[in-house]
Amino acid sequence: MTGRVFTKLFLSFVVVLAISTATLDFVLRQFMEHPLRGEVHSLRRDLLLASLVAMAVAIVLSAILAHRAEARLKRIVAFANRIAAGDFSARMEEGSLDEIAEVAHALDTTAARLEASFDALESKQRELAALLDSMQEAVIAVDATGRIGWSNAVMRRIAPGAELQGQTLAHALRDPEALRCIEAALARGKPSSGKALSVAPGRAFDVNAAPTPGGGAVAVLHDITEVARTEQMRRDFIANVSHELRTPLTSISGYVETLLENGFDLPQNAREFLTIILKNAARMTRLTEDLLALASVESGDYKVNARPVAASALVRDAMHALAGMVKDLDVKLEAADTTDTVVLADEDALTQVFGNLIENAVKYGRSGERVLVGARDRKNTVEFFVQDFGPGIASEHLPRIFERFYRVDKARSRESGGTGLGLSIAKHIVLAHGGTIRVESELGEGATFLFTLPLAPKPPSA
């Protein structure tokens, strides 16, 4: 650096000196025939000697100034290298007042601000790490390429591979559902959720993955092992109790029917009592059947045998199968507009869904005197509906209408013999098809139950 600075200064001085000498020589040549020619030659010699002395002094001064400038520039370069290496405590502490000193002071100010900013950032990172480590849920973050960025203590405890930052996610999580959720969040840039059963032996997790602004994703694993175990115990208990109740209820119904049908000489009161017993035994039998059906559709092993079928055919078959249910009632079962769009559906399961919805509409919308059943096209789905024209459902009941045993009007439900499980069964069957179900209602305007089914894939062209 000193050589380059010195060369530039020296060349500049030589050029100036050469121009000055040439100019003076031109002037002196004009006096070559002048009587003072001797004095002119002497002046030329003195000027040349003075120029050589000035050149020597300029060379020395240029070398000294270049060396000083180089030393100060080297300090600036060393300072920049320390900042680049992460040493934000570095300072120039330049005492001069020239332009280089101003640059050094500006760099010192920048370094001080960077140091304060990084100290605050590190403090926030430590707080965030402490917060994440104190969580009960496992948290893991990946970059845009799917490599592990960081994880909290719970994640490292259940999946030791999560400690290897920079490794692919498959080194930490061997569960395909968890990997699918995170990959979906990375690919689509939208939150994704699922249930992981093989992250740790004997434990189940709810996985919620969401994209991060930098192009990566973060996943939170919530341990639901105890909840899943409790739900499984509840389903097993319901199934076992229902099985155990079916035999005595069948015996009770059989004996009561025998007493009533064989013409025994029974008092009228006794016949009334036996009729009540038979009615309640039938209700209990239906409750056990609904409990068994609900336990079946809520289990993780429930699968629907879906195949392509026209939506209009589903509506037509359901109405034909359920015509006898409304035959003795003052309610008309009418077909509304339908569509021939092909959907994926299990016909037997969908008949149960239509049966539960139509039975619900007949019982609680009887005052409307008719029930409409139909289907219409929606984006990527077909929406089926069952509409009654009864008193409707208050808005506060709508969010809970599909809960098991939930009743809008408990007195009317008991009188009609309902079990409170029909809508819950319908919901789980629709969800097993990959659809959705909801209800729309206003008081005095009736109620409309709507559910969707996915479209069947188009057959490949020849």
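Note that these values count all heavy atoms, side chains included, but never hydrogens, waters or copies made by symmetry. From a predicted model like this one, the values you see are computed outputs, not experimental measurements.
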Close side-chain approach of [X] to [Y], heavy-atom, < 4.5 Å:
X	Y	value
Asp346	His433	yes
Leu173	Val199	yes
Val386	Thr448	no
Ser424	His428	yes
Leu314	Val382	no
Leu423	Asn356	no
Leu260	Arg271	yes
Ile158	Phe205	yes

State whether the number of non-hydrogen atoms from other residues, nucleotides or ligands found under 6.0 Å of [X] atom [atom1] is greater than 12.
X	atom1	answer
Gln136	CD	no
His320	NE2	no
Glu244	CD	no
Arg246	CZ	no

Looking only at heavy atoms, what is the nearest atom pair of [X] and [Y], with distance?
X	Y	answer
Leu186	Gly146	CD1-CA, 4.1 Å
Ala375	Val315	CB-CG2, 4.3 Å
Ala217	Ala185	CB-CB, 4.2 Å
Leu443	Ala394	CD2-N, 3.6 Å
Leu197	Ala204	CD2-CB, 3.6 Å
Ile429	Gln352	CD1-OE1, 3.6 Å

So does [Y] get a backbone contact from the side chain of [X], meaning a donor-acceptor N/O pair under 3.5 Å?
X	Y	result
Arg370	Phe389	no
Asp388	Ala447	yes
Ser441	Gly446	yes
Asp143	Gly216	no
Ser193	Val207	no

Return each pair, listed once, that meets salt bridge (Lys or Arg N to Asp or Glu O under 4.0 Å) where at least one residue sits in [range]; pairs must be two or more places apart or across chains.
range	answer
residues 196-207	Arg203-Asp223
residues 181-199	none
residues 429-452	Glu383-Arg438, Arg438-Glu440

Working to the nearest 0.5 Å, report the span between [atom1] of [X] and [atom2] of [Y].
X	Y	atom1	atom2	answer
Glu403	His397	CD	NE2	12.0 Å
Ile401	Glu396	CD1	CD	10.5 Å
Leu350	Phe384	CG	CZ	6.5 Å
Leu453	Ile437	CG	CD1	10.0 Å
Leu344	Thr381	CG	OG1	12.5 Å
Arg174	Leu169	CZ	CG	10.5 Å

* To do: Return the set of residues passing side-chain hydrogen bond (donor to acceptor under 3.5 Å, both in side chains) with Thr452 (not counting sequence neighbours), or none when no residue passes.
  => Thr436
* **Qualifying residues under side-chain hydrogen bond (donor to acceptor under 3.5 Å, both in side chains), relative to Ser253, sequence neighbours excluded** => none
* Do Val309 and Val343 pass the side chain to side chain contact (heavy atoms under 4.5 Å, CB included) test, and can you show the C-alpha distance, the side-chain angles, and the key distance before you say yes or no? -> CA-CA 6 Å; Val309 59; Val343 296; 4.3 Å; yes
* Applying the side chain to side chain donor-acceptor pair (under 3.5 Å) test to Ser312, which of Asp340, Thr339, Asp337 qualifies? -> Asp340
* For side chain to side chain contact (heavy atoms under 4.5 Å, CB included), just list the numbers for Thr285 and Thr250, CA-CA rounded to whole Å, side-chain angles, deciding distance to a tenth of an Å, and then say yes or no. => CA-CA 8 Å; Thr285 300; Thr250 302; 5.7 Å; no
* Can you list the residues that meet the side chain to side chain contact (heavy atoms under 4.5 Å, CB included) rule with Glu257, with sequence neighbours excluded? -> Glu261, Leu278
